[in-house]
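Report on one structure; see the data block that follows.
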Protein chains: 2
Amino acid sequence: MTDAQGQSPRERYRAQVREEIKRHAWEQIAAAGVPSLSLNAIAKQVGMSGPALYRYFAGRDELITALIRDAYRSLADTVRAASGSGADLLGLARAISEWARSDPQRYFLIYGTPVPGYHAPDDTTAISDEVMAVLLEACGGPEQATAPQRALSFWTRLHGVLSLELAGHFTGMKLDPDALITDELSTLLQR
Amino acid sequence: MTDAQGQSPRERYRAQVREEIKRHAWEQIAAAGVPSLSLNAIAKQVGMSGPALYRYFAGRDELITALIRDAYRSLADTVRAASGSGADLLGLARAISEWARSDPQRYFLIYGTPVPGYHAPDDTTAISDEVMAVLLEACGGPEQATAPQRALSFWTRLHGVLSLELAGHFTGMKLDPDALITDELSTLLQR
DNA sequence: CGCAACAGTTAGAAGCTATAACTTCGAGAG
DNA sequence: CTCTCGAAGTTATAGCTTCTAACTGTTGCG
């Protein structure tokens, strides 16, 4: 998942424990959302007691920030992989949808309710730009003047459907989310 | 804000205190989001100490549920008022946008990150249906066969732009959100 | 008027984040 | 190979949080 170059045994072990902590954190978030993520519970799960966890993350906020970073990274990799295998805009939409549906809380960690005070680190916004670059490329590349508008529209429309679906606002409406997405993007797809 | 019919003095006082509690709760939410909403802090602000607040709300969850209900009610009133003064779809979009921007956290309390376990009470979903009914009406009324699709598209596209804007995902892109909304809805407006 | 219901109090349990002080262990320098 | 220093873990504790229990005072209705 992370870089595993030449490291001292200590650094190696440290990276492993950090990954294990994040793994359990994701499980908790998927189960009950970010608010109920408990450092104490995680520590117990990895077999250490309480404050030991602070050797690996400075606090709750830093752990969550690391998770946000990983989420962005995962999304960027997914989008890049889809683009790499020759997917068009609809293919990208399907890839993103699948990624979001596989772990809704991970999607909402990026695109959900913002915390008023919080400001994402620069590197995460850089990864976000990476995603936008792929979208721009899929919209006809830089030579097409309307590409930015189309990419932006793609982004907002996909997010509109996806976030409402994942939040459960369509339950009881008996409609096919995938069909809704292709429908919403249909005007973008005919270039 | 709430019904103030013939009530006993006790009920009257009780309703006043409940409203004051909710007022302070909204202030806290607007300032730092739902996660940092503290019953203790609210109790101190209204001048009572701690557990007294449980006379008015069974717990944190019930208070938040009451806030969600009020948020839905406020949105429905806003939409209904706009519709009542002869606003078209674009007018409705502007009214909703203004409502959302006036208190982003209130918007996200309805349309933001869902809590995995939580299920909204039936009456809140009823208010949500009320909003959808107004949207349906504005989309040409029940006689128009495409009205449901158009209303759904209106909803998802507006939410797509609005939620990303309010979450700050457009910062540094120097684009006009209002123009973006009218642009996204342009295909819906020509009927 | 009397009394029951209600509003408020303090005390305390259980949980959380986070810090401080301490012990134990292991890896690299000499 | 040994010594030593730093990293990793521990317990104790402070200060929050939600929420329950038990108790006191007040108020308004029959």
Side-chain angles (χ1 to χ4, degrees), chain A residues 2 4-29 31-68 109 115-118, chain B residues 2 4-29 31-68 109 115-118:
Chain A
T2 49
Q5 309 97 296
Q7 296 167 322
S8 65
R10 279 249 166 92
E11 285 170 330
R12 193 171 200 79
Y13 175 76
R14 190 176 172 75
Q16 282 180 358
V17 176
R18 273 182 70 103
E19 286 305 311
E20 193 180 348
I21 290 171
K22 288 195 286 186
R23 225 189 56 225
H24 289 286
W26 279 121
E27 286 171 8
Q28 284 195 13
I29 288 177
V34 172
S36 64
L37 184 147
S38 159
L39 295 189
N40 263 343
I42 294 174
K44 236 159 250 168
Q45 282 180 314
V46 303
M48 56 173 92
S49 207
L53 206 140
Y54 286 78
R55 297 277 168 189
Y56 299 94
F57 294 94
R60 218 184 100 104
D61 288 358
E62 201 189 271
L63 173 57
I64 293 175
T65 297
L67 297 178
I68 291 174
L109 195 59
V115 178
Y118 185 79
Chain B
T2 49
Q5 305 104 289
Q7 296 167 325
S8 64
R10 278 250 166 91
E11 284 171 331
R12 192 170 200 78
Y13 176 76
R14 191 176 171 75
Q16 281 180 359
V17 176
R18 273 182 69 103
E19 286 305 311
E20 193 180 349
I21 290 171
K22 289 195 286 185
R23 224 189 57 225
H24 289 286
W26 279 121
E27 286 171 8
Q28 284 196 13
I29 287 177
V34 172
S36 62
L37 183 147
S38 158
L39 296 189
N40 264 344
I42 294 173
K44 236 159 252 171
Q45 283 180 314
V46 303
M48 56 173 93
S49 207
L53 206 141
Y54 285 78
R55 296 276 169 193
Y56 299 94
F57 294 94
R60 217 184 101 103
D61 287 359
E62 201 189 271
L63 171 57
I64 293 175
T65 297
L67 297 178
I68 291 174
L109 195 60
V115 177
Y118 185 81

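Residue numbers start from 1 in every chain, and the chains themselves are labelled A, B, ... in the order their sequence lines are given, proteins ahead of strands.
Map B/Arg60 and A/Leu53 each onto its nearest nucleotide of DNA chain D; the residue landing nearer the 5' end is A/Leu53. Mapped onto DNA chain C by nearest heavy atom, A/Ala41 and A/Ala58 fall at different nucleotides, with A/Ala41 at the one closer to the 5' end. Toward the 5' end of DNA chain C, the nearer of the two residues B/Gly50 and B/Arg10, judged by each one's closest nucleotide, is B/Arg10. Comparing B/Gly59 and A/Arg14, the nucleotide of DNA chain D nearest to each residue sits closer to the 5' end for A/Arg14.
Checked against C/dT10, C/dG28, C/dA7, the side chain of B/Ser49 finds its nearest nucleotide in C/dT10.
Taking all atoms of both residues into account, the shortest heavy-atom contact from A/Phe57 to A/Glu62 is CA-OE2, 3.8 Å. Listed here is the closest heavy atom pair of A/Gly33 and B/Pro116: N-CG, 3.5 Å. The two residues B/Leu53 and B/Met48 make their nearest non-hydrogen contact at N-SD, 3.9 Å. Closest approach of A/Ser38 to A/Gln28, counting heavy atoms only: N-OE1, 2.9 Å.
Here the CG atom belonging to A/Leu63 is positioned 7.5 Å from the CD1 atom belonging to A/Ile21, to the nearest 0.5 angstrom.
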As a quick check of understanding, evaluate side chain to side chain contact (heavy atoms under 4.5 Å, CB included) for B/Glu27 and B/Ile42, giving each step before the final call.
CA-CA 10 Å; B/Glu27 286 171 8; B/Ile42 294 173; over 6 Å; no
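We find that OH of B/Tyr54 is positioned 17 Å from P of C/dA13, with the value rounded to whole Å. Remark: C1' of C/dT10 and NZ of B/Lys44 are 14 Å apart, rounded to the nearest angstrom. If you take CD of A/Gln7 and P of C/dA27, they are 15 Å apart, rounded to a whole angstrom. In this entry the distance linking CZ of A/Arg55 with P of C/dA21 reads 13 Å, nearest Å. Regarding A/Gln45, its CD atom lies at a distance of 11 Å from the P atom of C/dC16, rounded to whole Å. Separating the OH atom of A/Tyr56 from the C1' atom of C/dT17 is a distance of 19 Å, rounded to the nearest angstrom. If you measure from atom CD of B/Gln16 to atom C1' of C/dA7, you get 15 Å, rounded to the nearest angstrom. Protein atom CZ of B/Arg18 is 15 Å distant from nucleotide atom C1' of C/dA7, rounded to whole Å.
At a threshold of 4.0 angstrom between heavy atoms, the contacts of B/Phe57 with the nucleic acid are absent. Residue-level contact check: A/Leu63 touches neither bases nor backbone, having no heavy atom under 4.0 Å from any strand. Nucleic acid contact class of B/Pro9 (heavy atoms, under 4.0 Å, all strands): sugar-phosphate only.
The footprint of chain A on DNA chain D, defined by a heavy-atom cutoff below 4.0 Å, extends from D/dG6 to D/dA12.
B/Glu11 has no carboxylate O lying under 4.0 Å from a charged side-chain N of B/Arg14, or vice versa, which leaves the two without a salt bridge.
For the OP1/OP2 pair of C/dG8 and a distance below 4.0 Å, the side-chain nitrogens and oxygens of B/Tyr13 include at least one atom meeting the criterion. Of the side-chain N and O atoms in A/Ser38, one or more sit less than 4.0 angstrom from OP1 or OP2 of C/dC16.
A donor-acceptor pair under 3.5 Å is formed between the side chain of B/Arg18 and the backbone N or O of B/Tyr56.
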